[in-house]
Amino acid sequence: MDFLDFLDFKLIDIIDIVLVAFLFYYVYKLVKGTVAINILIGIIIVYLIWLLTKALQMELLSNIFGAFISGGVFALIVVFQQEIRKFLLMVGSTNFASKRNFVRHFKFLKNEQLTTLTDVNAILTACEKMGNTKTGAIIVLERNNSLDFVKGSGDKMNIEVTAPILESIFFKNSPLHDGAAIIQDNYVVATRVILPVSNERNIPLRFGLRHRAAVGITEKTDALALVVSEETGQISYIKNGEFVLFKDLPELANTITKDLT
């Protein structure tokens with residue numbers, strides 16, 4: 001019967017639906033917690049209004065919204081430039097192709113013992129102590145996007161994260177204190193790393209090169225960054241190229257933990 005034709009599913013239809021679901025999942029993951037999520041919701045609302053005006057044969061409104069939708073592809077490329085860059089970087093990443101990290105992307109399939117949870121408290125304890133002594137530091141937490149393209153600029157390491165280890169890395173007389181330290185899972189995997197510096201003009205002048213480097217790496221990837229100011233001792237948390245506000249270290253610890261899961 002014709003009205004039951006839509007029930008005639010084939011294997012390719014199921015694969016198509018699953019792939020579309022994963023595509024939407026990653027789009028949501030890229031824009032979650034950013035201003036882009038509000039823009040995306042706005043675009044969806046405009047699209048639904050266009051469908052409604054078209055169904056109600058409201059020609060004038062339908063033509064106006066139709067003209068907006070027709071040029072929407074170019075608008076999306078401009079508005080979501082950073083998110084598209086992150087998505088393409090994730091797809092082309094050698095890290096994405098590895099078995100271990102492929103499973104990490106599909107978290108509902110992974111064994112909980114597959115990855116080691118990052119010791120966020122140890123990292124913040126080190127940042128707090130370095131802040132008290134006004135020791136400058138920049139710590140980058142790798143998530144899904146591979147940071148191999150910057151790790152090669154520094155020294156490879158494989159040291160389990162502890163507060164004393166991080167303090168010793170950024171100690172002013174340490175040969176490793178220049179540049180960033182990259183943490184993957186619960187291990188410092190690289191030190192003295194040179195990060196891409198952001199050219200964003202909206203960054204306040206009081207923030208120096210460390211902060212611009214933190215903004216730069218979080219603009220280009222989904223990594224998280226912590227910066228300890230050498231001038232003020234203040235701790236800054238940067239995600240998606242933006243400074244995330246927090247009232248105290250416990251709140252910051254909860255925020256980072258959620259962002260890493």
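Computed from a predicted structure; not experimentally measured. Note that the numbering runs from 1 along the sequence shown for the chain.
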Query raised in the report: Under the side chain to side chain contact (heavy atoms under 4.5 Å, CB included) criterion, do I256 and L226 qualify, and how do the steps go?
Result: CA-CA 10 Å; I256 295 175; L226 286 162; 4.0 Å; yes

Would a 4.5 Å heavy-atom cut-off, applied to side chains only, mark [X] and [Y] as touching?
X    : Y    : value
V161 : I165 : no
L166 : I123 : yes
N186 : L117 : no
C127 : I139 : yes
S229 : R210 : no
L52  : M58  : no
I235 : L252 : yes

Requested in this report: Begin with the C-alpha distance, continue with both residues' side-chain angles, and end with the deciding distance and a verdict on side chain to side chain contact (heavy atoms under 4.5 Å, CB included) for V188 and I182.
Outcome: CA-CA 6 Å; V188 179; I182 295 180; over 6 Å; no

Tell me if a side-chain donor or acceptor on [X] pairs with a main-chain N or O of [Y] at a distance below 3.5 Å.
X    : Y    : value
T261 : K258 : yes
R143 : Q184 : no
S153 : I194 : yes
S168 : P164 : yes
N63  : E59  : yes
T218 : V215 : yes
D222 : N144 : yes

Approximate separation, where rounding is to 0.5 Å, of [X] [atom1] and [Y] [atom2]:
X    : Y    : atom1 : atom2 : answer
I138 : F170 : CD1   : CZ    : 8.0 Å
F207 : E231 : CZ    : CD    : 11.0 Å
N240 : D259 : CG    : CG    : 8.5 Å
E167 : M130 : CD    : CE    : 6.5 Å
K172 : S174 : NZ    : OG    : 13.0 Å
T221 : F149 : OG1   : CZ    : 5.5 Å

Provide the closest heavy-atom pair for [X] versus [Y] in the form atom of the first, atom of the second, distance.
X    : Y    : value
T53  : S62  : OG1-CA, 3.6 Å
G233 : V228 : O-CG1, 4.1 Å
A163 : A122 : CB-O, 3.6 Å
K220 : P196 : CD-CG, 3.8 Å
A225 : A214 : CB-CB, 3.7 Å

Query raised in the report: Can you name the ring pair (Phe, Tyr, Trp, His ring centres under 6.0 Å) partners of Y237, sequence neighbours left out?
Result: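 For Y237 there are no ring pair (Phe, Tyr, Trp, His ring centres under 6.0 Å) partners, ignoring immediate neighbours.
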
Query raised in the report: Is L60 isolated, or which residues cluster with it under the ILVMFWY side-chain rule of less than 4.5 Å, directly or via members?
Result: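 Result for L60 is I64.
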
Query raised in the report: Who else is in L209's hydrophobic cluster (ILVMFWY, side-chain heavy atoms under 4.5 Å, direct or via others)?
Result: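 In the cluster with L209 are V197.
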
Report task. Take L147 and I217 through the side chain to side chain contact (heavy atoms under 4.5 Å, CB included) test and state the conclusion after the steps. Result -> CA-CA 9 Å; L147 298 180; I217 192 64; 4.1 Å; yes

Requested in this report: Kindly indicate, with the supporting measurements, whether the criterion side chain to side chain contact (heavy atoms under 4.5 Å, CB included) is fulfilled by I238 and V227.
Outcome: CA-CA 8 Å; I238 297 96; V227 180; 3.9 Å; yes

Query raised in the report: Any link between F171 and L124 through a network of hydrophobic side chains (Ile, Leu, Val, Met, Phe, Trp, Tyr) touching at under 4.5 Å?
Result: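 They do not share one cluster, since no chain of ILVMFWY contacts under 4.5 Å joins F171 to L124.
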
**Report entry** ILVMFWY network linking I12 to I14, side-chain heavy atoms under 4.5 angstrom
**Finding:**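 No: no chain of side-chain contacts under 4.5 Å links I12 to I14.
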
Query raised in the report: CG of L19: more than 12 outside heavy atoms within 6.0 angstrom?
Result: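 Correct, the count exceeds 12.
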
Report task. Return the set of residues passing side-chain contact (heavy atoms from CB on, under 4.5 Å) with T257 (not counting sequence neighbours), or none when no residue passes. Result ->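 By the side-chain contact (heavy atoms from CB on, under 4.5 Å) rule, T257 matches V120.
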
**Report entry** Set of residues satisfying salt bridge (charged side-chain N to carboxylate O under 4.0 Å, His left out) with respect to R192, sequence neighbours excluded
**Finding:**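 Applying salt bridge (charged side-chain N to carboxylate O under 4.0 Å, His left out) to R192 gives D155.
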
Report task. Answer yes when K151 and E142 have at least one side-chain N-carboxylate O distance shorter than 4.0 Å, and no when they do not. Result ->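 Yes.
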
Query raised in the report: What pairs of residues pass the side-chain hydrogen bond (donor to acceptor under 3.5 Å, both in side chains) test when at least one of them lies in residues 127-139, not counting sequence neighbours?
Result: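 Qualifying pairs: T133-T135.
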
